[in-house]
Amino acid sequence: MSVFIDQSTRVVVQGITGRDGSFHTHQMVAYGTQVVAGVTPGKGGQTFEAGNGARIPVFNTVEAAVRETGANASAIYVPPPFAASAIMEAADAGVALIVGITEGVPVQDMMTASALVQDKGVRLLGPNCPGLISPGKSKVGIIPGEITIPGPVGVVSRSGTLTYEAVNQLTQAGIGQTTCVGIGGDPIIGTDFIDCLEAFAADGETEAVVIIGEIGGTDEQDAARWVKDNLNVPVVGFIAGQTAPPGRTMGHAGAIISGSEGTADEKIRTFKESGIAVAERPVDIRDLVKEGLGL
Amino acid sequence: MSVFIDQSTRVVVQGITGRDGSFHTHQMVAYGTQVVAGVTPGKGGQTFEAGNGARIPVFNTVEAAVRETGANASAIYVPPPFAASAIMEAADAGVALIVGITEGVPVQDMMTASALVQDKGVRLLGPNCPGLISPGKSKVGIIPGEITIPGPVGVVSRSGTLTYEAVNQLTQAGIGQTTCVGIGGDPIIGTDFIDCLEAFAADGETEAVVIIGEIGGTDEQDAARWVKDNLNVPVVGFIAGQTAPPGRTMGHAGAIISGSEGTADEKIRTFKESGIAVAERPVDIRDLVKEGLGL
Amino acid sequence: MDIHEYQAKELFTEAGIPVPPGEVATTADEAEDIARRLGGRVVVKAQVHAGGRGKAGGVKLADSPEAAREYASAILGMEIKELIVKKVLVTPVEDIVSEAYVGVLIDRANQAPLFMVSPEGGVDIEQVAETNPDAIRKQSVDPRYGLLPHQAYALADFLYDDPKLVRQATKIVGQLYDAFTKNSCSLAEINPLIVTPQGEVKAIDAKVSIDENAFYRLPRVEAYRDLDAEPESESRAREAELSYVKLDGNVGCCVNGAGLAMATMDLVKYYGGEPANFLDIGGSSNPDKVVAALQIITADPSVKAILFNIFGGITRCDDVANGIVEATRRIDIKTPIVIRLTGTNEAEALEILGEAGFSAHTSMDEVVQKAVQIAAQA
Amino acid sequence: MDIHEYQAKELFTEAGIPVPPGEVATTADEAEDIARRLGGRVVVKAQVHAGGRGKAGGVKLADSPEAAREYASAILGMEIKELIVKKVLVTPVEDIVSEAYVGVLIDRANQAPLFMVSPEGGVDIEQVAETNPDAIRKQSVDPRYGLLPHQAYALADFLYDDPKLVRQATKIVGQLYDAFTKNSCSLAEINPLIVTPQGEVKAIDAKVSIDENAFYRLPRVEAYRDLDAEPESESRAREAELSYVKLDGNVGCCVNGAGLAMATMDLVKYYGGEPANFLDIGGSSNPDKVVAALQIITADPSVKAILFNIFGGITRCDDVANGIVEATRRIDIKTPIVIRLTGTNEAEALEILGEAGFSAHTSMDEVVQKAVQIAAQA
């Protein structure tokens, strides 16, 4: 099993004719994702050649894309000034899952978009996230397919390449994943740790979970408490940013220690108190998962 | 039984120190309504003497009034420019029922207020309505108590004095009411006919219903269809405005025939098709109710 | 309240919507001058609150300032749907490639603004809705979010294929929504929205209705009121804070409450009479209002009988009775008055009226029949 | 991005918030002139992005223009929390009856703006939150509705008893929210909001942070950026579109991805080293960025070892390798470089580096240990 996406996921790419949208559409198609439509306002009627002979119709609006192709998930690669609007358009058009890849979306724009997404009952991942991959089934976003293999571990993370690092080590040790989800590094995001943990908990095939967090906010602490009360599979955690100084944004807009809130120490402490096995180094993640799975 | 209000209803009056608020607070207290608080910004801490020795504390905010007195319903008498805001304040403060008496609230203000009221799951009656009365139990608003008596008829109406006319005739014929509800004459109102009909349907003691509508909109038609499909007690209907010319507002902001929509003829036709006994003259309402009740 | 085309265009221009230049003339001379300034070829358009101006001859294309003068002269003073034309708008002739419709109004059922657009503009949108409903796209606007960018785009995309036109129209749709909310409109319409041979999208005609309840915060828009565009009696009623609508019958009605007032009119008709007006004196107990109401009713020469129907709730019957007595002192009323008063302070009212020589009834049905009878015999 | 007090006050003044007049001086002469214009009694306030200016001696009350000159002279050039003061704000002394706090920020957990107000102003609000939490009232703002009038009133009502003050404060709270949304702030604070003996409510100090992601639509606010207020290396990094934060260690880090960059810093520390910086070259495959990154890192004299940690996903390892080779051609790099590259186009990258005389690792753990060792031995 997998969470959020599988072989039946039908993806519309918003910003398909742009540099990033175009590149990653090729990547997704190559991985086997069903990319059924693209959207670029003003380019409706064109066709996007995605390699493998795939010819993807381009529409002016997500509404038309959904109506004509039955797309049920959207991947968003539009530039930051238009990204929040693109999310709202997707939510309004009735897709079930929106994956916001774009980095640099103004936070106040996201407040409104997030409210609409919730009003519409749609799942949003990101923005500023690498997306998600259910190995062997589908990927929506930018996670490199070749570092993943199917298996029993659910991975959820606020970062991109750090997740690749961890997943790659699992894969090299022969430990596969049900789904790897990057929830994004922005202060305001859609799906959070707990949403993913709930999905993994409901997924019969996820036998262990890896949570990769970082400084900033209280999402990791909330997740830890949820794990303690609800999750019966082994959980391995890692927090990046122990050496980050307070008050400075560490790359991710959300990775900032404000006052006493959001320090790595506090998060690690909460992880430990909640029975999460905390990896000191990235390389320890793999070993703790092995231990958790009894391998 | 009664609908929406009864002896346990605890009312806060917004605009209690104003001309209308003050007058009707006296009336409500005299009728036996539990008026537990008043609100006038800037006059918090004062006491309002409501006759009968009733001393009602005045607060600056509805929040404080609810917190200190446990008010669960609000009656709004503030001037039109502030009425939508007053409704939102009441909804935010967590009262269960808001009765908007104020006439002349800008429609676009009401769109926002109505959205918030729905978001908060609160019942709003009005604005521009006479309120409601459960004879012998409580009244919130401005319906004269002396023209009502307890009994088996539920009355719901878009107008004020026309309702008094009908109710008065019932009362003089010895036929009492469970609750009389004035839903208001504005284009955008909270509780509509169907909401009231549902409540009457669920009220074991309401044995007949009177619906008094007027030109404008399609609320009466929707109500008629609901009656046909759902209501098992006799229903008597009356529509005012058969002689009203199209395109002109007849006093109530909502009483206007736009294009072919909202004519009295159309409403009467739908009433008849739905098995509602239509009174040609106000005086016929009483006789049709008698007939319906088998008196 | 409906405002004139030229006023609506002022609001649109403020919101940034491209509207061709234009000026208002009240005389043929002015029209000629304006036409000359605008380059000669102009349209002269009657400014009245009535649809079908074109069919009535109120819109003319002039090839020269002289022709503009001539048309203005013909149109000024013309009567369109019982309204006298007192102003014309003079505006340049635009070459037109296509005409679309863009409008937004308050949708009562959804409690939200509703946009309607159609590539079939220049005609009545209700007609398009009947004959070719697929040519209309609607968009309800959630008032919590306002019109979202993708919604404006989708509306524009329905009108045009060319991305350049879509871009312009997207902006105009957003600007129309801004004008709609900023000015508390109940309706704001561009019909037609044209495309010129140069590929420019422009608003050629404008129709706007404003929510009078918002006038307290829109003093500029309130000043748009054109007293010439309504009967004098209605202006006077508004000043006295009465709801009044003039009708064609002979039974003058004075009632408290809009619903009861309509029901009274209906009952007049039921008994074979014709109401002369709708008049709601409201819930107030101010005798001055009663005086003003009687002045307005008696100023209508068609009125043969005056009918009071008062259900005292908040309105106190004695106040109304005092108003009637006061009014008959101030003005010489020749028309017979029949009165029904019941409810709050009924007894006091009957006494006041009795002393002044009036009798009063307590049944609505009776009093209406009597008024109809008197009017019929007059 | 934090902006200066005087800039924040500009935004507040635009929003209508009453802010006493004031001007900025960069010299003692200017400060004296301004003080004279403002009537003599002024406050001279250091304009630096640091809290605790008062304690550090950066805020002085001057009784005369001459005193203002003296204080300005002392404050200009002063170092507060490692920042050199280059500007002072000169503003009239206000008599103060009471000091309150009003602030609004983005609340991540609720995904909404959060207001906080306290009648205990003039001090750090976090301190009030700890010592006297009941003295703070909070109000979350639903972004769909914005700050509603009754919410603004309730916040003001928490600050003052006198209805006149409540009225003024209600307005100011609303204006602060407008400034907050209009300028895409992440924080907007008035501390203190004072009451004068004349009963006027005024903003005496202002603190504002702006969301840099919104700069594309806020050119004026973007121009508020003060390059003096940050290390030069950070300005250069921003120009090159790199995320860079200067730290105090000796191991220079160059990583792709923020999370991996933080994890790399942490691992440096784990193995006993100290990171010299946070640096994320992002997902792009542009060799120029690698060159810029190396220039910035090598410009830091504390750096004794340079550590590359690249996980190729979107970033192609060969591009990074080319950038490293290119950079070593353009600039004379004496500091030892250790490189970890894995993922997309790893083989090509290793070949490119090998030809240029670099060796590369594929394990993060190994390469970090090595870099720490080299730095320690330098």
Side-chain angles (χ1 to χ4, degrees), chain A residues 20 23-24 80-81 103-112 114-116 119 130 142-144 146-147 157-165 168 185 187-189 212 214-219 222 238-245 248-255 259-260 264 280-283, chain D residues 105-106 108-109 111-113 126 129 141-144 180-181 184-186 211-217 243-249 255-271 274-275 278-280 282-283 309-315 342-344 363-365 368:
Chain A
D20 293 346
F23 177 78
H24 289 291
E103 182 178 351
V105 184
V107 173
Q108 293 199 17
D109 295 7
M110 270 314 298
M111 292 191 315
T112 309
S114 178
L116 185 74
D119 275 348
I142 65 177
I143 297 178
E146 61 274 18
I147 60 168
S157 168
R158 263 167 76 186
S159 94
T161 46
L162 178 56
T163 315
Y164 309 165
E165 181 76 41
N168 193 41
I188 291 187
I189 53 173
I212 299 172
E214 59 191 35
I215 54 163
T218 57
D219 265 20
D222 298 339
F238 180 82
I239 300 290
Q242 297 181 59
T243 48
R248 301 301 307 268
T249 302
M250 305 307 278
H252 284 160
S260 60
E280 286 197 75
R281 303 171 301 167
V283 72
Chain D
L105 48 75
I106 303 278
R108 290 166 69 142
Q111 310 201 331
E126 299 205 352
V141 179
D142 186 330
R144 301 172 305 169
F180 178 81
T181 52
S184 293
C185 301
S186 46
D211 179 359
E212 298 188 33
N213 288 337
F215 277 171
Y216 74 91
R217 62 189 175 209
S243 283
Y244 174 85
V245 176
K246 196 185 158 350
L247 301 170
D248 292 330
V255 189
N256 67 326
L260 190 60
M262 281 188 274
T264 305
M265 286 158 50
D266 293 349
L267 202 59
V268 166
K269 178 93 175 179
Y270 179 87
Y271 284 117
E274 285 291 342
F278 167 94
L279 195 159
D280 172 13
N309 184 14
I310 304 298
F311 198 106
I314 318 134
T315 311
T342 194
T344 312
S363 150
M364 172 172 171
D365 217 59
V368 169

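All chains are named by letter (A, B, ...) in the order of the sequence lines, taking the proteins before the strands, and each is independently numbered beginning at 1. In what follows, every heavy atom counts, from backbone to side chain, and hydrogens, waters and symmetry copies are set aside.
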N/O donor-acceptor pair under 3.5 Å between D:Arg108 side chain and A:Gly254 backbone: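 Side chain of D:Arg108 to backbone of A:Gly254, a donor-acceptor pair under 3.5 Å: yes, one is there.
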Test item: A:Gln108 side-chain N/O and D:Cys185 main-chain N/O as donor-acceptor pair under 3.5 Å: yes
From [X] [atom1] over to [Y] [atom2], what is the distance, rounded to the nearest 0.5 angstrom?
X: D:Ile106; Y: A:Met111; atom1: CD1; atom2: CE; value: 4.5 Å
X: A:Gln242; Y: D:Leu267; atom1: CD; atom2: CG; value: 10.0 Å
X: A:Thr249; Y: D:Glu212; atom1: OG1; atom2: CD; value: 7.5 Å

What are the two closest non-hydrogen atoms of [X] and [Y], and how far apart are they?
X: A:Thr161; Y: D:Asn256; answer: OG1-O, 2.7 Å
X: D:Ala263; Y: A:Pro282; answer: CB-CG, 4.4 Å
X: A:Arg281; Y: D:Tyr270; answer: CD-CE2, 3.2 Å
X: A:Gly251; Y: D:Ser243; answer: CA-OG, 3.7 Å
X: A:Pro144; Y: D:Gly313; answer: CG-CA, 3.5 Å
X: D:Met262; Y: A:Ala255; answer: CE-CB, 3.8 Å

Which atoms of D:Gln111 approach chain A - backbone, side chain, both or neither, heavy atom under 4.5 Å: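 Contact with chain A: backbone and side chain both.
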Residue part contacting chain A, namely of D:Ala261, when any heavy atom lies under 4.5 Å: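 Interface part for D:Ala261: neither.
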Qualifying salt bridge (Lys or Arg N to Asp or Glu O under 4.0 Å) pairs with a residue from residues 256-270 of chain D, counting only residues at least two apart or across chains: D:Lys269-D:Glu274
All side-chain contact (heavy atoms from CB on, under 4.5 Å) counterparts of D:Asn213, not counting sequence neighbours: A:Pro106, D:Asp211
Working for side-chain contact (heavy atoms from CB on, under 4.5 Å), residues A:Thr243 and D:Val268: CA-CA 9 Å; A:Thr243 48; D:Val268 166; over 6 Å; no
